[in-house]
Amino acid sequence: MDSMTKTAALPRIHQLDTEVANQIAAGEVIERPASVVKELVENSIDAAATRINIDVERAGVSLIRVSDDGQGIHKDDLSLALSPHATSKLSVLSDLGQIVSLGFRGEALPSIASVSKFLLTSRLHTDDQAWCINNEKKTMPAAHEQGTTVEIHDLFYSVPARRKFLKSERTEFLHIKAILKAIALGHSSIAFSFNHNQEKVFHFVASGNNPEHRINDILGNSFIRDAIAINHERDDMVLQGWLGMPEQTRSHNDRQYFFINGRLIQDKHINHAIKLAYADQIPTGRFACYVLYLQIDPARIDINVHPAKSEVRFTDTRNVHDFIYAALAVAFNGQKTLSYT
Ligand code: ADP
Ligand code: MG
């Protein structure tokens, strides 16, 4: 190759237009319809909703509609909500150390809007008029109660490659249901209704800050009845919840719920601590059921490490690991003493 051809073949660097950049970002955040549902419901929770309705058709491919009675969005902010890196939840980097909201990156709505037919309708509690905005970022008057509705049709219509990777309607539906149940377990003070293909899948009434009622709704009455309650506190950490007993093991790990500050988290160090505490109470090939809520100072975790925010990094992993192990060991020991007396 002479130097002329080399120069001609070398692609030059150019800035991607916003639409393409959003679609690429969507690839990370929006893996499947369930990820869209998760992002939208988390936005409703961040908006202090007390009631969230989720309507889905064809497992989210033809319709996902999430409605809430939360604080709403200012009319003049509607178009910003659809712009990348636009958020009301943080302003400076140091805010990340104190994040208590589920979202903070400002990328979900623009990503979702770039791969679907999108309509956002919202009414502020101080307003008597609602407004909506579509993909073209046109703001129009609309009818809506206080709160917000995001309606998405034809998910991934603009990225057929992504559509091809979707599993059957049944599988995608089960992913949505599983994610909604997990979110509902983490937020018992919010009422959730979920309909699929216009049929009711579940309706969970709000049950205050005590998750017991919600856990009964989701895991059945026998879970809490037979489980060990745990409530352990050290320094600035509190671990509460219920530990399923050996008779309640399952063939899958689908009932292992661990929440950190209300967010469902997968963490290998935490899993390790829990496994270690259960030790040989769980036969090989079986999985314990548990629902555990860890409250920890947000400054001691970094939540900005995973596209779906389902993992965290701890400033002191060892300390958290040992705290969880000790909390479970105390709970199991208490149980032994009780049953022997
Ligand atoms: P993030 O949640 O990371 O801030 P999103 O793209 O999910 O980013 O949402 C952008 C912004 O739109 C949010 O910061 C919030 O101000 C607003 N918003 C989104 N959904 C809702 C909702 N259901 N109710 C009120 N405000 C919302
Ligand atoms: Mg969000």
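These numbers were taken from a predicted model, which means no experiment stands behind them. In each ligand, atom 1 is the first atom listed, and ligand 1 is the first ligand listed. One-based numbering along the sequence shown. Basis for what follows: all heavy atoms, side chains included, without hydrogens, waters or symmetry-related copies.
Not a single heavy atom of Gly147 sits closer than 4.0 Å to an atom of ligand 1.
Residue pairs meeting the ring-ring contact (aromatic ring centres under 6.0 Å, His included) criterion with at least one member in residues 115-157: none, sequence neighbours excluded.
The Gly103 neighbourhood of ligand 1 comprises atoms 2 (O), 3 (O), with distances under 4.0 Å to a heavy atom of that residue. Within the listing of ligand 1, atoms 1 (P), 3 (O) sit less than 4.0 angstrom from a heavy atom of Phe104. Using a 4.0 Å cut-off to heavy atoms of Thr148, the atoms of ligand 1 that qualify are 22 (C), 23 (N), 24 (N), 25 (C). Close contacts of ligand 1 with Pro110, meaning ligand atoms under 4.0 Å from a residue heavy atom, involve 6 (O). Atoms of ligand 1 found under 4.0 Å from any heavy atom of Ala86 (numbered from 1 in listed order, with element): 10 (C). Here is the list of ligand 1 atoms found below 4.0 Å of a heavy atom in Ala47: 24 (N), 25 (C).
Scanning both residues, Val305 and Arg105, for their nearest heavy atoms gives N-NH2, 4.1 Å. Taking every heavy atom of both residues into account, Ser101 and Arg263 meet most closely at O-NH2, 3.0 Å. In plain terms, the two heavy atoms of Ala277 and Gln281 that are nearest each other are O-NE2, 3.9 Å. For Leu264 against Ala182, the heavy-atom pair with the smallest separation is CD2-CB, 3.7 Å. The two residues Thr148 and Ser122 come nearest to each other via the heavy atoms OG1-OG, 2.8 Å. Residue Lys138 comes nearest to Asn134 through the heavy atom pair N-OD1, 3.3 Å, listed as atom of the first residue, atom of the second, then distance.
The closest non-hydrogen atom to atom 19 (C) of ligand 1, taken over Leu82, Ile52, Asn43, comes from Asn43. Atom 17 (C) of ligand 1 has its nearest heavy-atom neighbour, among Ile73, Leu120, Leu102, Asp77, in Ile73.
Scanning the protein for heavy atoms near atom 1 (P) of ligand 1, the closest one is Gly106 N, 3.6 Å. Ranking the protein heavy atoms by distance from atom 12 (O) of ligand 1 puts Ala81 CB, 3.6 Å first. In this structure, the protein non-hydrogen atom closest to atom 2 (O) of ligand 1 is Lys89 NZ, 2.7 Å. Summary of contacts: the protein heavy atom closest to atom 16 (O) of ligand 1 is Ser88 OG, 2.5 Å.
When non-hydrogen atoms are compared, ligand 1 lies under 4.0 Å from the backbone of Glu107 (N, CA, C, O) but not from its side chain. At a heavy-atom distance under 4.0 Å, atoms from both the backbone and the side chain of Thr87 approach ligand 1. Under 4.0 Å from ligand 1, the heavy atoms of Asp68 that appear belong solely to its side chain.
The ring pair (Phe, Tyr, Trp, His ring centres under 6.0 Å) search around Tyr257 returns none, not counting sequence neighbours.
Sparse packing is recorded around CG of Leu93, with 12 or fewer heavy atoms of other residues, nucleotides or ligands lying under 6.0 Å away.
Ring pair Phe332/Tyr278: centre-to-centre distance below 6.0 Å.
At a cut-off of 3.5 Å, with distance as the only test, a side-chain donor of Asp68 or Ser44 sits close to an acceptor on the other residue. For the residue pair Thr50 and Asp69, a side-chain donor N or O sits within less than 3.5 Å of a side-chain acceptor on the partner.
With respect to the salt-bridge test (charged N to carboxylate O, under 4.0 angstrom), the residues Glu311 and Lys268 do not qualify.
Checked options Thr121, Leu120, Leu63, Asp55; the residue passing with Glu151 is Leu63 (criterion: side-chain contact (heavy atoms from CB on, under 4.5 Å)).
Looking at heavy atoms from C-beta onward, Val41 lies in side-chain contact with Phe192 at the 4.5 angstrom threshold.
The distance criterion of under 3.5 Å between nitrogen or oxygen atoms is met by Arg105 with respect to ligand 1. For the pair Ala108 and ligand 1, the shortest N or O to N or O distance falls below 3.5 Å. Ligand 1 has no N or O atom lying under 3.5 Å from any N or O atom of Leu40, backbone or side chain. For Leu109, a nitrogen or oxygen atom sits less than 3.5 Å from a nitrogen or oxygen atom of ligand 1, counting backbone and side chain alike.
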For residues 228-247, dump all side-chain donor-acceptor pairs below 3.5 Å to protein atoms at least two apart in sequence or in another chain.
residue, atom, partner, partner atom, Å
Arg234, NH2, Asn319, OD1, 2.7
Asp236, OD1, Arg300, NH1, 2.5
Asp236, OD2, Arg300, NH1, 3.3

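Excluding waters, the set of protein N, O or S atoms lying under 2.8 Å from the Mg ion (ligand 2) comprises Asn43 OD1.
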